[in-house]
Amino acid sequence: MKQVKRVAVTGGAGQIAYSLLFRIANGDLLGDDQPIALSILDLPKAVDELNGVVMELQDCGFPLLKEISVSGDPNEAFEGADFILQVGAKPRGPGMERKDLLADNGKIFVEQGKAINSVASKSVQVLVVGNPCNTNCLICMHHAPDIPKKQFTAMTRLDQNRAIFQLAAQAKVDITEVGRVCIWGNHSATQVPDFVNAMIAGQPLDKVLSARGWLENDFIQHVQQRGSAVIKARGKSSAASAANAAIGHVVSLQQQTPKGHFFSSAVLSDGNPYGISDGLIFSFPCISHGEGNWEIVPHLEWDSFLEEKIRATEKELLEERDLVKHLLS
Ligand code: NAD
Ligand code: LMR
């Protein structure tokens, strides 16, 4: 029997967590031979709801779930954590952009960053989901100076999954035929879903799908605006698909990436091979050597269309960083 891994999830009483916690407890995050201790954090006022979630987790009888604890205090919830999935933050409503959440959500990541620094395992891996996730991740990392920066990532996997579905549907191929699709930049309306480097059925996408007009317009806008479309349709932001993406993100980082594949993850841009400004949490194509040891995939080509869009998403992230400079000092 492997040693128990401690997984902390924030926003435990919220809608993403209601999907995520059960999948983690089922072994989808760390494998079906990995025992887990779940530590669930929410605001103190949500502790009654959290207790209800705990009852349901107990009632599933998950064989891998060895311990469950709930807390309203990050210093308690993150104690000894090997993985922290930071979901707890306000979601946006109709008509808002994700960066409109910065004023409310940014400060959560100051407090939680400090708690991670004090009490989490020094090899903890942190995934930020709460929006705007790139800049929240930057804030969190800044307040946890004793934890290696490589251990902080933010989630653009949902955007990647959305892009893959759209490309498969347009090319009329099975979804498993679409590969090497990455998201560049910010998890926002400026994000750049890259069709230029994508492959379909082992061939460059443009050999299979001659639809440049659709790709430059409908496809990109569809992926950029999918979060808003879900909010408009459901009245609430995406939840099960976000939980699924969080699982996919951690699994991709934990496992060695098969040759020729990559995945999207927002990571610290320092020293990146694409000339993006340092000091941002920017989504790049990444591979993993296993156990969270990621690397940015170099040498993907940008045409002038892609380059202009990538510069726009970089500019937006620089502006977001400026907006929170008081939280980064
Ligand atoms: P929700 O409102 O259903 O749940 C959020 C939970 O977080 C609530 O229970 C709330 O009490 C809790 N919370 C708030 N502040 C907290 C704090 N300081 N500490 C601990 N818990 C706290 O929201 P949701 O739908 O689960 O979404 C959560 C976040 O994830 C939102 O910011 C949303 O925009 C974001 N999101 C990101 C992606 C992505 O792709 N990166 C996808 C979907 C949603
Ligand atoms: C999403 O992409 O679905 C989430 O970031 C929620 C949102 O605000 O769009």
Side-chain angles (χ1 to χ4, degrees), residues 8-21 39-53 70-78 84-116 126-137 139-140 153-163 165 183 185-191 193 222-250 264-266 281 283:
V9 176
T10 74
Q15 47 149 12
I16 295 177
Y18 196 65
S19 286
L20 184 59
L21 289 166
S39 172
I40 314 175
L41 175 75
D42 208 296
L43 296 173
K45 66 176 186 208
V47 163
D48 283 347
E49 279 160 89
L50 273 189
N51 286 332
V53 174
V70 297
S71 177
D73 175 0
N75 284 295
E76 200 173 83
F78 296 164
I84 299 178
L85 279 60
Q86 289 176 294
V87 178
K90 268 194 191 162
R92 64 177 165 153
M96 291 172 74
E97 289 301 328
R98 298 179 185 94
K99 67 178 162 220
D100 299 335
L101 296 165
L102 257 184
D104 282 333
N105 286 348
K107 49 185 186 272
I108 296 174
F109 293 85
V110 173
E111 187 201 12
Q112 293 188 2
K114 288 179 179 165
I116 290 171
V126 179
L127 166 62
V128 180
V129 174
N131 278 321
C133 61
N134 299 54
T135 300
N136 286 339
C137 183
I139 296 169
C140 189
T153 55
M155 191 169 93
T156 50
R157 182 56 164 268
L158 178 53
D159 310 292
Q160 177 188 302
N161 292 346
R162 289 167 171 164
F165 178 85
I183 305 294
N186 200 2
H187 173 62
S188 75
T190 66
Q191 66 176 275
H222 181 101
V223 180
Q224 289 175 334
Q225 296 298 334
R226 185 64 156 192
S228 299
V230 172
I231 291 171
K232 197 159 167 236
R234 290 181 83 226
K236 291 187 233 163
S237 68
S238 61
S241 58
N244 178 62
I247 300 274
H249 177 108
V250 174
S264 308
S265 174
I281 299 290
S283 181

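Ligands are counted one by one from 1 in listed order, and the atoms in each one are counted from 1 as well.
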Would you please determine whether R162 falls within less than 4.0 Å of ligand 2 on a heavy-atom basis?
-> yes
Do any nitrogen or oxygen atoms of R98 come within less than 3.5 Å of a nitrogen or oxygen of ligand 2?
-> yes
In ligand 1, the atoms that come under 4.0 Å of a heavy atom of K90 are 31 (C), 32 (O)
Please could you name the atoms of ligand 2 that G227 approaches to less than 4.0 Å, counting only its heavy atoms?
-> 1 (C), 2 (O), 3 (O), 9 (O)
Identify the protein heavy atom lying closest to atom 5 (O) of ligand 2, giving its residue, its atom name and the separation to 0.1 Å.
-> H187 NE2, 2.6 Å
Take every heavy atom of I231, measure it against each atom of ligand 2, and state whether any distance is under 4.0 Å.
-> yes
Do S237 and ligand 2 have an N or O pair less than 3.5 Å apart?
-> no
Short N or O distance, V129 and ligand 1, threshold 3.5 Å exclusive | yes
Return the residue, atom name and 0.1 Å-rounded distance of the protein heavy atom closest to atom 29 (C) of ligand 1.
-> V87 O, 3.2 Å
Evaluating non-hydrogen atoms only, which member of D42, D104, L50, T10 is closest to atom 10 (C) of ligand 1?
-> D42
Contact between V230 and ligand 2, counting heavy atoms under 4.0 Å?
-> no
Protein heavy atom at shortest distance from atom 7 (C) of ligand 2 | R92 NE, 3.2 Å
Nitrogen or oxygen of E111 less than 3.5 angstrom from that of ligand 1 | no
Nearest non-hydrogen atom to atom 5 (C) of ligand 1 belongs to which of A89, S238, C133?
-> A89
Those residues at least two apart in sequence (or on a different chain) that pass side-chain hydrogen bond (donor to acceptor under 3.5 Å, both in side chains) with R98 are H187
